Amino acid sequence: MASLTATVKPVPPFDFGLTAGYQTYFRSSYGSDSLAQDVYRRLLDVRGKLVLATVRSVGSVAAPELAVELQGGGLASQDAALAADQVAWILGAHQQLTPFYTLAQGDPVLSAIVERFNGLHLPHAASVFEALVLAILGQQLATNVARIIRTLLIETYGPCQTFQGETYYTFPRPESLLSADLEELQRLKLSRRKAEYIQGIATAALGEPNGLQALHQLPDAEVVKQLLQLRGVGPWTAQWVLIRALGRPDAFPLGDLALRRTVSHLYFNGSTLNDGELEQFSRRWSPWRTYATIYLFTAMRAGAR
DNA sequence: ACCCAGGCATTGG
DNA sequence: CCAATGCATGGG
């Protein structure tokens with residue numbers, strides 16, 4: 001089993017524990033991702049080869065540096081380079097937070113939050129397919145219920161490999177989910193409708209020259225227009241894909257119940273806003289509404305209810 | 001036994 | 001064009 005190392009230098013400020021923790025939902029294991037003893041691990045699917053990435057921080061928030069160990073059968077140096085790029089993408093290492101922090105200075109609520117979570121980058125899904133499936137799976141479900149179903153899906157259909165006695169999974173490939181029976185997916189506690197949606201997404205991922213990854217080339221409005229063609233994808237999911245899969249900085253998931261609650265609580269003393277009012281209010285954070293959303297969610301998860 | 005939770009599609013007015 | 005409803009599960 002070959003093992004290679006690589007270095008990733010994120011754009012400061014970058015808080016490794018906070019960012020990897022966001023990705024694993026501050027749990028030791030979350031589907032294909034794990035974080036324990038300051039070590040983040042993820043099994044990657046690099047052009048069909050399974051590569052385990054083990055990531056440690058060897059720098060600081062102000063001068064960040066990540067040591068990435070890559071293991072896999074028949075691992076060539078170009079595979080390792082691709083894998084390291086995937087790690088950088090997943091951890092949002094290239095994001096420039098400073099302009100957003102500057103904007104946040106003018107917002108008393110947000111300025112306190114960005115100070116508290118200084119260096120939190122927004123993790124990305126490895127693919128548009130993964131982000132879409134996870135978003136649909138989680139629609140309208142409590143996050144802990146969604147986590148159970150997500151884990152079932154990954155451990156049932158995801159490619160896996162064992163390293164040093166530990167088994168790791170990566171996200172299922174579209175082919176695997178497409179060839180599953182609807183009844184089989186329903187046994188994983190998906191509704192029949194969501195099972196159908198997910199197979200539709202898998203079909204889209206396998207189509208075209210580049211499938212859903214082609215969305216990376218399009219502007220936000222065009223991405224949303226195309227995503228809304230897919231059954232199971234509404235405005236909330238489309239915005240979530242802009243955020244989690246495409247790294248667009250100014251998306252805003254209107255209709256998100258938790259977001260509405262958080263904004264109502266933090267800015268309006270609990271009186272609830274409707275979507276129109278929330279959309280209007282969110283303009284104060286443009287062109288960084290994605291980051292505002294993520295930081296507000298993080299504050300909420302940390303207990304700002 | 002309810003009701004709700006980080007939505008969406010369908011249906012009926 | 002807006003309002004109501006079914007869908008899945010698990011926790012309160």
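Owing to the predicted nature of the structure, the values given are computational and were not obtained by experimental measurement. Reminder, nothing fancy here: chain letters follow the sequence lines and each chain counts from 1.
To the nearest whole angstrom, the two P atoms, one in B:dT11 and one in C:dA8, are 16 Å apart. For the C1' atoms, the distance linking C:dC7 with B:dC3 amounts to 15 Å, nearest Å. Nucleotides C:dT5 and B:dC4 have their C1' atoms positioned 16 Å apart, rounded to a whole Å. Using atom P as the reference point in both C:dG10 and B:dA9, the two lie 24 Å apart (nearest Å).
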Quick test: give all pairs of protein nitrogen or oxygen and nucleotides 9-11 of chain C nitrogen or oxygen below 3.5 Å, distance rounded to 0.1 Å.
| from | atom 1 | to | atom 2 | distance (Å) |
| --- | --- | --- | --- | --- |
| C:dG10 | OP1 | A:K189 | NZ | 2.9 |

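Looking at which nucleotide of DNA chain B each of A:D256 and A:Y197 is closest to, the 5′-most match is held by A:D256.
Rounded to an integer number of Å, the gap from A:R187 CZ to C:dA8 P is 15 Å. Separating the NZ atom of A:K194 from the C1' atom of B:dC8 is a distance of 9 Å, rounded to the nearest angstrom. If you take CD of A:E196 and C1' of B:dT10, they are 13 Å apart, rounded to a whole angstrom. A:R150 has its CZ atom 18 Å from the C1' atom of C:dA8, to the nearest Å. If you measure from atom CE of A:M300 to atom P of B:dG6, you get 7 Å, rounded to the nearest angstrom. Rounding to whole angstrom units, CD1 of residue A:I198 and P of B:dG7 are separated by 16 Å. At whole-Å resolution of the value, NE2 in A:H265 and P in B:dG6 are 15 Å apart. Regarding A:R147, its CZ atom lies at a distance of 18 Å from the P atom of B:dA5, rounded to whole Å.
For B:dG6, neither phosphate oxygen OP1 nor OP2 lies less than 4.0 angstrom from any side-chain nitrogen or oxygen of A:R301. Remark: A:S191 is in phosphate contact with C:dA8, judged by side-chain N or O atoms under 4.0 Å from OP1 or OP2. Residue A:Q140 places at least one side-chain N or O under 4.0 Å from the OP1 or OP2 atom of B:dG7. Note on A:R192: every side-chain N or O is 4.0 Å or more away from OP1 and OP2 of C:dA8.
Not a single salt bridge (charged side-chain N to carboxylate O under 4.0 Å, His left out) links A:R56 to another residue, sequence neighbours left out.
Contact check of residues 225-239 of chain A against DNA chain C (heavy atom, cut-off under 4.0 Å) returns no residues at all.
With respect to the salt-bridge test (charged N to carboxylate O, under 4.0 angstrom), the residues A:R42 and A:E130 qualify. Salt-bridge formation is not detected for the pair A:D33/A:R41: no Lys NZ or Arg NE/NH1/NH2 atom is positioned less than 4.0 Å from an Asp or Glu carboxylate oxygen.
The closest donor-acceptor contact from the side chain of A:T170 to the backbone of A:L43 lies under 3.5 Å. Without hydrogens or angle criteria, A:S111 side chain to A:P108 main chain gives a donor-acceptor distance under 3.5 Å. The backbone N or O of A:E65 sits nowhere less than 3.5 Å from a side-chain atom of A:K9 that would complete a donor-acceptor pair.
Taking the six-membered ring for Trp, A:Y157 and A:F171 have ring centres at least 6.0 Å apart.
Ring geometry, A:F16 versus A:Y40: the interplanar angle exceeds 60°, so the pair is classed perpendicular (tilted spans 30 to 60°).
No donor-acceptor contact under 3.5 angstrom links the side chains of A:W285 and A:D250, judged on distance only.
By the criterion of side-chain heavy atoms lying less than 4.5 angstrom apart, applied directly or through intervening Ile, Leu, Val, Met, Phe, Trp or Tyr residues, A:Y22 is grouped together with A:Y291 in one hydrophobic cluster.
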